[in-house]
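Below: the structure, in structure tokens.
Atoms within each ligand, like the ligands themselves, are counted from 1 in listed order.
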Amino acid sequence: MKTVIAHRGACGYLPEHTLPAYAMAHAMGVDYLEPDLVMTRDGVLLILHDINLAATTDVAEKFPQRRHADNIWYPADFDLAEIRQLCARERLPGRFRRDSQGFHIPTFEALLQLLTELNRLTGRRVGIYPETKHPVFHRERGLAMEEPLLAMLADFGYSRRDDPACIQSFDPDNLAYMRHTLGSELPLIQLLDQMPDNAGLDRIAGYANGIGPDKRLIEDAQRQPVNNNALVREAHERALLVHPYTFRADQLTPGDTDLEAELRRFYFDYGVDGLFCDHPDIACRIAHAHTGTAT
Ligand code: G3P
Ligand code: CA
């Protein structure tokens, strides 16, 4: 069974991390919705990629005086009531026009409500796949993310190992804390932007259920003259899932000419279990063609 994770929603078509982008992804037949998470000053989990609001909102126009000396507007300086005044904007050029109105930054709770209702009304069981962004930054400001995240997931019925909720992070301490200190049973995925050695994979297998490598790491491992495909194979030998990021029709791996070919190679030649995709309709076409949906 191959998994499709809608990266930031169907963000190839609608502004990233907005409820319309998540609703569209759900309708496309994905297996998981992926939000990045940060926290507001008043302790609300927000769906946002950056700890700088300027990247994907009109905060510079609405709150010019709140910019820090480092040119950053930190979400952790804003209350939810202030966040609600902002318009969300797509990040990447060539995608949804940036001067559009009507898109907002959702709370994590709003996304879980949307997902719950769409699942109920469609009879599907699409899962949730949140990423904790900058957990140390938040903890240092008294805004630790781990407890509120697990509590929110539990409120919506996600707490056991077979519930369709994976938590991902680049920060190993953050994941190990949720596994060993808070006792979470939920699947945990260690994101990777550097090639791990086998000892590193052993450590990851001690607290996580999978890895989420940059797709270039898998390509690099694949090109090795001996021991190729080592990353996927070594992970699988440790019972770790492999979910690489990020697959985009408008940012292909050099040498690829279309997303379908790139996806087929990763799913079926390299044997990854799932992947994060900005154009999830295309990934569903490839991943679910013979197997049906994963949930
Ligand atoms: O979470 C997988 C992938 O999204 C990690 O990179 O920067 O897109 O959150 P980023
Ligand atoms: Ca992410």
Side-chain angles (χ1 to χ4, degrees), residues 3-18 21-22 25 30-39 45-57 72 75 88-93 95-96 105-106 108 111-112 115 127-138 145-146 149 153 164-172 174-175 178 186-196 204 208-219 231 235 240-253 259 262-263 266 272-280 283:
T3 300
V4 177
I5 306 153
H7 186 242
R8 311 178 188 170
C11 71
Y13 304 103
L14 283 165
E16 68 170 51
H17 290 128
T18 60
Y22 289 109
V30 304
D31 304 301
Y32 288 91
L33 304 181
E34 192 250 5
D36 297 323
L37 300 179
V38 302
M39 291 193 79
L45 286 165
L46 275 190
I47 300 182
L48 200 71
H49 180 274
D50 305 287
I51 51 171
N52 185 3
L53 285 160
T56 54
T57 79
I72 289 177
R89 293 174 168 168
E90 171 51 34
R91 167 192 314 273
L92 296 180
R95 292 193 175 178
F96 206 95
I105 304 171
F108 187 44
L111 175 59
L112 289 170
L115 177 58
I128 189 78
Y129 205 130
E131 177 185 350
T132 51
K133 286 292 188 191
H134 306 283
V136 173
F137 167 91
H138 286 99
M145 312 175 81
E146 295 87 353
L149 170 59
L153 288 169
C166 300
I167 301 175
Q168 36 152 353
S169 184
F170 282 102
D171 182 339
N174 169 251
L175 294 177
M178 285 189 270
L186 290 173
L188 304 178
I189 305 296
Q190 177 65 62
L191 298 175
L192 297 170
D193 54 12
Q194 294 186 352
M195 189 74 82
I204 292 168
N209 305 84
I211 57 171
D214 186 318
K215 64 184 181 182
R216 288 171 291 196
L217 300 179
I218 293 179
E219 288 282 16
L231 182 55
L240 292 168
L241 295 166
V242 181
H243 292 168
Y245 66 88
T246 300
F247 293 81
R248 303 177 152 135
D250 47 4
Q251 281 182 25
L252 299 169
T253 293
L259 181 59
E262 185 184 17
L263 294 172
F266 276 80
V272 305
D273 304 287
L275 47 79
F276 295 85
C277 189
D278 287 7
H279 299 86

Are the side chain of Gln168 and the backbone of Tyr129 linked by a donor-acceptor contact shorter than 3.5 Å?
-> yes
Give a yes or no on whether the backbone of Lys133 and the side-chain of His138 come within a donor-acceptor separation of less than 3.5 Å.
-> yes
Closest heavy-atom pair, His279 versus Ala249, reported as atoms and distance to 0.1 Å, is ND1-N, 3.0 Å
Quick one, list the residues around ligand 1 where some non-hydrogen atom comes in under 4.0 Å, by chain and residue number.
-> His7, Arg8, Glu34, Asp36, His49, Glu131, Lys133, Gln168, Phe170, Leu191, Tyr245, Phe276
Kindly assign one of parallel, tilted or perpendicular to the pair Tyr245 and Phe276, based on the angle between their ring planes and the thresholds 30° and 60°.
-> perpendicular
Partner set under ring pair (Phe, Tyr, Trp, His ring centres under 6.0 Å) for Phe108, not counting sequence neighbours = none
Test side-chain contact (heavy atoms from CB on, under 4.5 Å) applied to Arg91 - qualifying residues, sequence neighbours left out = Arg8, Glu16, His49, Asp50, Ala55, Thr56
Is there side-chain contact between Leu188 and Ser169, with at least one heavy-atom pair below 4.5 Å?
-> no
Ignoring waters, protein N/O/S atoms under 3.0 Å from the Ca ion (ligand 2) are Glu34 OE2, Asp36 OD1, Glu131 OE1
Parallel under 30°, tilted from 30 to 60°, perpendicular over 60°: which one fits the rings of Tyr22 and His17?
-> tilted
Donor-acceptor contact present, side-chain Asp31 to main-chain Val4, <3.5 Å = yes
